[in-house]
Amino acid sequence: ETPTTATSGGPAASAAQNQSAGPGCARSTTGYPQVDVKGAVVGFSQSEKEANPFRTAETASIRDEAAKRGAELLYTNAQSDLNKQISDIKSMIDRGAKLLIVAPLNSDGLQPAFDAAKAKQVPVITIDRKVTSKPCTDYLTFIGSDFVEQGKRAAQQMIKATGGTGKVAILLGASGNNVTVDRTKGFKDGIAGTPGLTVVAEQTGEFDRSKGQAVMEQLIQSNPDITAVYAENDEMGIGAVTALKAAGKQPGKDIKIVSVDGTRNAVQLIADGSYTAVVESNPRFGPLAFDTLEKFGKGDEIPQNIVISDDEYDSANAAQKLGNAY
Amino acid sequence: MTVSETSRQHGAVLPKATRTKVLQRQGAAVALVLMVAVSWLVFPRFGSLDNLRDLALQGSFLVVIAIGMTFVIITGGIDLSVGSLYALGGVLAAWGSQYGFLAALALPLVVCGLIGLINGLLIARTNMAPFIVTLASLLFARGLLLAITDEGANTYQIPADSAFVELGRGTVFGFGYPIFVAAVLAVLGGMVLNRTNFGQNVFATGGAEQSAVLLGVPVAKTKVLVYTMSGTLAGLAGALTAAYLQSGVTVIGVGLELDAIAVVVIGGTLLTGGMGTILGTVIGVGLIKVIQNVINQIGTLDSNYQSVVSGVFLLIVVVLQRILRR
Amino acid sequence: MTQETTQAATRTAASTTAARTRWLQDNGVYVAVAVLLLFNALFTANFLTLGNFTTQLVQAAPVLIVALGMALVIGTEGVDLSVGAVMALAAAVIPLYLGAGPLVAIVMALVVGVLAGAFNGFLVARVGIQPIVATLALLVGGRGLALVIADGQLVQLHDETFLELGTGDVAGIPISVLIAGLLALVVAGLTNRTTFGRQLVAIGGNRKAATLAGLPVNRVLIGVYAITGVLAAIAGVLATSRLAASDPADMGLLMELSAITAVVVGGTPLTGGKVRVLGTVFGVILMQLVRATLIKHNLPDSIAQMIQAAIIIAAVYVARERR
Amino acid sequence: MPTDPVIEVAGVTKTFAGVRALGDVDFTLQRGEIHALVGENGAGKSTLIKVLTGIHTPDAGSVTRNGHISTIYQEVNLVPLMSVSANLFLGREPRNRFGLIDRARRDADAAELLRGYGITADVSSPLGTLAVGEQQMVALARAVAADADVVIMDEPTSSLEPREVETLLGVVRKLHEAGIAIIYVSHRMDELYRICDTVTVLRDGVNVHSGPLEELPRIELVSLMLGRSVKEIEKHGTTAFGEGHQADTQPVLEARDLTSKPRIGGVGVSIRPGEVVGLAGLLGSGRTETAKAIIGALPLDRGTVLVAGKPVAHNVKASMRAGISMLAEDRKTEGIIPNLSVRENIVLAALPRLSRFGVTSRSRQDRIVDTFIKRLRIKVSSPEQKVAELSGGNQQKVLLARWLCTEPKILLLDEPTRGIDVGAKAEVQELIDELAGEGLAVLLISSELDELLDGADRLVVLRDGSVAGELEGDQLTREHVLAAIAAEVMDDSGDHAGSHQDSR
Ligand SMILES: Nc1ncnc2c1ncn2[C@@H]1O[C@H](COP(=O)(O)OP(=O)(O)OP(=O)(O)O)[C@@H](O)[C@H]1O
Ligand SMILES: Nc1ncnc2c1ncn2[C@@H]1O[C@H](COP(=O)(O)OP(=O)(O)OP(=O)(O)O)[C@@H](O)[C@H]1O
Ligand SMILES: O[C@@H]1[C@H](O)[C@H](O)CO[C@H]1O
Ligand SMILES: [Mg+2]
Ligand SMILES: [Mg+2]
């Protein structure tokens with residue numbers, strides 16, 4: 001398969017082995033009508049601006065797959081506004097969407113939108129962020145990464161890279177975001193058994209490169225003994241690299257950097273030797289989402305929780321897997 | 001004779017003034033009617049009952065906040081804290097809902113009202129600029145929100161069967177309760193503004209503060225009251241939103257203050273104070289929401305163009321108003 | 001007799017407290033900076049290092065550059081909410097022209113800044129729209145436009161010469177700090193020593209009177225907003241270079257609030273008619289030190305925001321104009 | 001003399017940021033009397049009033065009030081954006097049975113009430129659309145309607161035309177008959193002697209005299225106010241103008257057919273160097289508009305302005321370059337820049353000339369500022385003092401200095417002596433004479449007929465925005481002017497003119 005664009009390149013997310021959990025959900029349980037994906041109007045509600053490569057790749061993946069399967073795609077972007085996302089979803093239902101894919105802005109607050117879909121018997125697949133509503137009732141199923149697991153895997157990478165000793169600074173994601181909460185929890189749990197690794201600072205970089213950079217600049221001054229940085233997304237990690245270089249440090253060498261996402265820029269930095277490791281958060285939900293919709297349409301039972309497999313990049317494989325990064 | 005000459009002069013000046021006044025007052029309304037009509041014709045789905053219901057519901061939260069903002073702006077002030085107070089109100093309501101309906105409603109009103117009161121006291125008693133005082137409370141309320149949610153990690157859920165949820169989700173003929181709350185508040189607000197002594201004090205304070213003092217208007221008290229009101233209403237809007245979303249979402253309300261200011265100004269209220277109407281504000285909300293809805297109806301518009309369109313639209317409205325006012 | 005003497009005594013007492021509050025009002029921001037420096041020297045690890053001071057100055061530089069323009073606009077009794085969006089526009093323009101060389105890219109970014117500012121100025125001066133609303137339109141639309149230009153993407157930059165702006169130094173002083181300092185001097189000279197500067201303050205003090213005194217009110221206003229626009233663009237260029245990427249989605253986000261806060265904390269009243277350039281410089285430094293202190297002490301976001309709020313109120317309370 | 005005080009003030013002291021506005025003032029107002037409160041600018045009259053009404057708390061001393069006080073403050077203190085009726089009833093609106101404001105009744109009551117003051121404007125329109133005089137009348141009606149025992153009027157007539165002054169004085173008499181006590185502040189001696197029973201003179205915040213007004217000759221009253229001897233004052237007449245001026249034969253300013261609908265239509269004025277031309281007319285007759293049209297601050301439908309025969313582009317900058325300067329009517333809103341120093345206020349308009357390549361020169365400024373402070377005898381502690389801290393008269397002089405700084409050939413003065421005390425007024429009048437003597441062409445607008453008659457060499461009378469007549473030489477009498485202004489006004493103010501003569 002030859003990728004058409006850079007963002008849609010790389011392997012599609014596939015369901016991780018044995019990780020799809022929960023009792024099944026089928027059309028017979030929901031009583032929803034049968035809809036063929038081919039020729040159907042499918043709505044996709046994106047949550048945030050596409051400045052972050054993760055979002056770009058996510059949207060591209062859905063778009064490409066919809067085109068491939070002959071579905072008509074309606075697309076909205078909530079621009080980080082929860083109320084707008086609710087309206088977006090309702091308006092797509094109104095405009096005739098028979099199937100919905102939603103990348104929720106946050107884990108809570110979409111209930112009214114789900115209720116609207118339920119009332120019109122429109123199945124909803126949520127991707128990327130898991131919501132607190134009821135699967136198979138409020139929405140069909142969740143396809144996405146296990147963010148706690150991502151944090152744990154980042155911790156493993158960190159332990160491996162530091163040999164289990166060091167002072168870690170955490171660049172937190174945006175406050176109030178469940179991705180932040182989960183990736184922090186996973187990481188802290190992951191290093192709990194390694195007393196040599198201590199967290200000396202945790203400050204928010206708001207998932208943003210320049211904020212990550214600014215915070216890192218402060219921390220490296222007040223805590224010059226920092227030996228490792230855990231960034232909850234690549235953008236902040238890249239910002240940290242810039243900050244550390246400016247402070248005369250050698251990121252990737254005297255200061256280890258581990259982050260989550262798998263963007264091309266970060267993986268490139270690993271290959272260049274100034275980054276330690278990246279745990280992937282795979283944004284290519286398109287194929288899996290449409291497979292799931294098709295399966296559901298056929299009447300098959302689908303799992304309520306589809307955890308996708310995330311890759312990992314480190315110095316051993318970065319150069320060779322660079323093409324997979326987004 | 002001289003008397004009749006004076007009246008002749010006025011006769012020459014007034015009809016034009018009245019004409020402009022009508023255009024000014026109704027200018028926004030005319031624009032709204034036109035836009036609704038055109039949208040109806042161009043986008044068949046626009047006029048669907050579902051869409052109109054959702055439009056009204058989405059507008060209702062902003063109306064509640066903008067009523068408070070209208071009062072504040074008529075006194076010549078500004079309230080930047082409403083976005084944060086809105087989010088805080090939602091969180092408090094969700095947290096309070098575990099203690100019953102009354103707690104869920106009273107807690108946000110009291111706490112946000114209190115912060116509004118402090119805004120008012122600082123502004124009225126210390127001669128500090130409203131812009132900067134309320135900017136500080138914007139930060140403060142956001143910080144408080146994070147503090148009570150464990151840095152945003154906790155999203156309080158409202159039990160789906162609680163009476164409080166009904167406040168946000170209940171409907172009459174499919175129209176949500178918040179619409180009626182907003183409507184009642186708008187009518188009340190208009191009445192208070194135009195038919196009570198407090199309302200007259202609001203106009204006098206913004207129209208000519210020094211004179212108002214000499215006319216015996218309790219200027220300081222009036223200011224304290226309008227900021228308290230604005231805070232309380234922002235808290236109420238937050239509570240309604242929480243009831244609607246069934247949870248105290250922490251990531252909402254960012255930048256909402258600018259929306260509120262924009263709708264008030266679009267509605268013809270003078271930013272310098274002394275003049276304004278609640279009806280205008282409601283129409284302003286209508287205009288903003290219809291524009292957003294239409295952008296969604298177009299569907300294919302690049303999401304980045306959406307803010308460009310909003311900006312251009314805002315510009316056209318204020319420039320037109322300005323020209324009419326001449 | 002006795003009554004008179006007591007009165008005289010209270011009068012002198014009153015006038016000394018008046019003098020003291022007056023002094024604090026004028027110098028509060030300097031005192032606050034000194035206090036914060038002292039606090040950090042005592043309680044913050046590794047604070048008194050050259051590297052740390054450099055970091056603070058480097059981070060403050062773009063804010064200062066924007067705040068200088070903001071101080072001028074506020075001096076005319078205006079305000080410019082669009083500075084963050086203008087920074088984003090500047091950032092978006094750079095990768096488009098970087099191929100033609102860094103100088104071309106920078107010039108184009110500055111041209112965009114001037115145009116955006118002049119547009120604001122036109123709306124305020126000629127059309128007569130309230131500054132808040134006039135610039136709100138560009139705040140809303142400008143960033144969107146920047147994203148449209150950049151196709152919504154962050155672009156990694158590799159031009160060494162361009163990146164030098166953000167990382168290089170002259171005699172140990174980072175280039176961006178040097179530029180910010182230079183601009184502060186220029187703006188101080190402009191406000192205090194030129195016709196333009198005095199006219200600007202007069203317009204802010206009493207626009208009607210300034211018009212009747214034959215001052216070129218519209219020209220000055222458009223000029224002031226254009227200067228603010230170009231300063232915001234300069235800040236955008238420097239910040240972009242330092243980030244080594246053009247990121248219109250986040251560049252200068254909420255910058256308008258930071259800049260206004262710094263200006264007001266520095267003792268320039270929002271009511272116009274007065275511009276304090278040195279105060280603005282220290283206002284920016286104060287807010288930078290506050291942020292640094294909160295991060296260095298690893299305070300959670302919640303506490304950090306509440307403390308910032310309290311400090312803003314305290315600083316403005318001291319500097320406020322008495323009735 | 002029966003004593004039944006409604007207001008008693010004992011030992012009141014009030015200081016503002018170190019400036020003593022009132023020092024140990026005693027003051028008593030008897031029930032039913034009309035009490036004049038006089039003094040130079042900054043003597044403390046308005047401050048005393050604000051202490052009486054409770055707006056200011058005194059630093060020391062006591063204030064006893066035995067009744068309800070209602071006040072008309074010095075500047076019109078109403079809310080221009082609110083309707084006339086809302087202003088009139090602010091704080092005591094008529095309510096309907098639900099406790100809500102009854103707007104229909106409010107408007108009806110307002111219209112009814114104002115008819116008694118000769119105002120027939122639409123009461124539901126914003127107050128700001130009324131002429132200043134009418135606004136002053138609304139303020140008066142508001143104050144009187146509030147069932148008061150005491151009515152305080154702080155310079156109520158300073159922006160009224162003669163006819164309106166008569167209406168106001170009529171109201172004052174009616175109040176007096178109804179047993180209401182009145183405190184009346186004015187710089188206009190005639191009015192005081194016509195209606196007041198007693199007088200209190202403040203000087204530098206101290207009560208220097210209280211007593212019956214009749215017994216106090218006018219000249220002594222002035223001497224008390226100024227703190228100068230009677231002899232010194234006797235040298236001057238009612239105004240400080242000298243005889244006529246030597247004027248050139250060719251006009252330096254010619255304004256033709258100035259039209260700006262609906263305010264002025266076809267006004268023409270010409271002034272020769274060294275000549276003072278007065279602009280007379282009722283309030284709203286278009287005097288200010290004429291001056292603004294000449295300087296280019298008013299959009300014109302038609303008309304040209306020529307300076308020394310050459311047409312001038314219609315904008316303020318071009319006019320100033322051509323040598324026209326205008327002292328605006330409203331010192332506070334159109335004149336001073338309050339935050340700036342006296343120096344900066346003086347050089348403001350001349351700044352480009354005092355700069356090189358846009359960079360200001362401090363030494364040049366200081367030189368010229370010093371000259372004018374000395375020449376106009378401006379009382380300042382230093383040129384760097386904030387102009388807002390000066391008294392009204394001195395602010396006016398600062399503004400005069402601003403215009404003289406631009407080295408004008410033509411000076412338009414709109415109410416140059418309004419609201420300034422007798423001392424300062426005389427100085428300004430002398431200055432006008434002096435300037436004309438030096439060859440300046442002066443256009444003088446004043447609501448005080450005496451000032452125009454004494455100061456001007458020629459009068460242009462406006463009525464309803466057009467020229468109703470020009471008077472020169474022997475025609476410069478009160479009667480002629482009034483006749484030109486409007487026949488009917490002369491009819492009913494003829495005897496007032498007479499009473500003016502009497503009181504002199
Ligand atoms: N709010 C204030 N703050 C500071 N100084 C004040 C204030 N009000 C009055 N003053 C000062 O107090 C003194 C008395 O002022 P006041 O207004 O009472 O004079 P006045 O007799 O009414 O003069 P005028 O005839 O010009 O109206 C003046 O020196 C004035 O500058
Ligand atoms: N376009 C207008 N609309 C409403 N009111 C106006 C307008 N133009 C002028 N006025 C009011 O009418 C008043 C009288 O007009 P004008 O200034 O021409 O009178 P004047 O003859 O100069 O009298 P004076 O200078 O004594 O006020 C002005 O003070 C102003 O308040
Ligand atoms: O997983 C994604 C990415 O990590 C992104 O950086 C932030 O949003 C999350 O949902
Ligand atoms: Mg006074
Ligand atoms: Mg006038």
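Here is the naming used below: chain letters follow the sequence lines, and residue numbers restart at 1 for every chain.
Shown here for B:S307 and C:G144, the closest heavy-atom pair between the two residues is OG-CA, 3.3 Å. Of all non-hydrogen atoms in C:M306 and B:A147, the two that sit nearest each other are CE-CB, 4.0 Å. Here the closest heavy-atom approach between residue C:P300 and residue B:E151 is recorded as CB-OE2, 3.2 Å. Among all heavy-atom pairs drawn from C:I313 and B:V133, the shortest one is CD1-CA, 4.0 Å. Listed here is the closest heavy atom pair of B:A136 and C:A309: O-CB, 3.1 Å. Counting all heavy atoms, side chain and backbone alike, C:V133 lies closest to B:L271 at CG2-CD2, 3.4 Å.
Contact of C:L270 with chain B is made through the side chain alone, with heavy-atom distances under 4.5 Å. For C:L123, the part sitting under 4.5 Å from any heavy atom of chain B is the side chain, from C-beta outward, and nothing else. Proximity to chain C is limited to the side chain of B:I78, based on heavy atoms less than 4.5 angstrom apart. When heavy atoms are compared at a cutoff of 4.5 Å, B:V312 does not approach chain C at all. Neither the backbone nor the side chain of B:L145 comes within less than 4.5 Å of any heavy atom in chain C. Heavy-atom distances place the side chain of C:V264, and not its backbone, under 4.5 Å from chain B.
Contact count against chain B (heavy-atom pairs under 4.5 Å) is highest for C:D301 among C:L145, C:D301, C:L254. Of the listed residues (B:I261, B:I132, B:V309, B:L314), the greatest number of heavy-atom pairs within a distance under 4.5 Å of chain C belongs to B:I132. Chosen from B:G143, B:A129, B:A141, B:G311, the residue pairing most often with chain C at heavy-atom distances under 4.5 Å is B:G143. Taking chain B as the reference chain and counting heavy-atom pairs below 4.5 Å, the highest number among C:L257, C:L138, C:I303 is found for C:L257. Note on C:V79, C:D151, C:I129: by heavy-atom pairs under 4.5 Å with chain B, the leading option is C:I129. In terms of non-hydrogen atom pairs under 4.5 Å with chain B, the most contact-rich of C:I307, C:V265, C:T261 is C:T261.
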Set out, in order, the CA-CA distance, both residues' side-chain angles and the distance that settles side-chain contact (heavy atoms from CB on, under 4.5 Å) for B:L146 and C:Q305, then state yes or no. CA-CA 9 Å; B:L146 290 175; C:Q305 298 205 26; 3.9 Å; yes
Just do the side-chain contact (heavy atoms from CB on, under 4.5 Å) check on B:L258 and C:V140 with the steps written out, would you? CA-CA 9 Å; B:L258 294 181; C:V140 174; over 6 Å; no
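Annotation: the span from C:Q130 atom CD to B:L270 atom CG amounts to 7.5 Å, rounded to 0.5 Å. Summarising the geometry, atom CD1 belonging to C:I311 is positioned 11.0 Å from atom CG belonging to B:L139; distances are rounded to the nearest 0.5 Å. Here CZ of C:F119 is found 4.5 Å from CG of B:L315. Values are rounded to the nearest 0.5 Å. Once rounded to the nearest 0.5 Å, the distance linking CG of C:L147 with OH of B:Y305 reads 11.5 Å.
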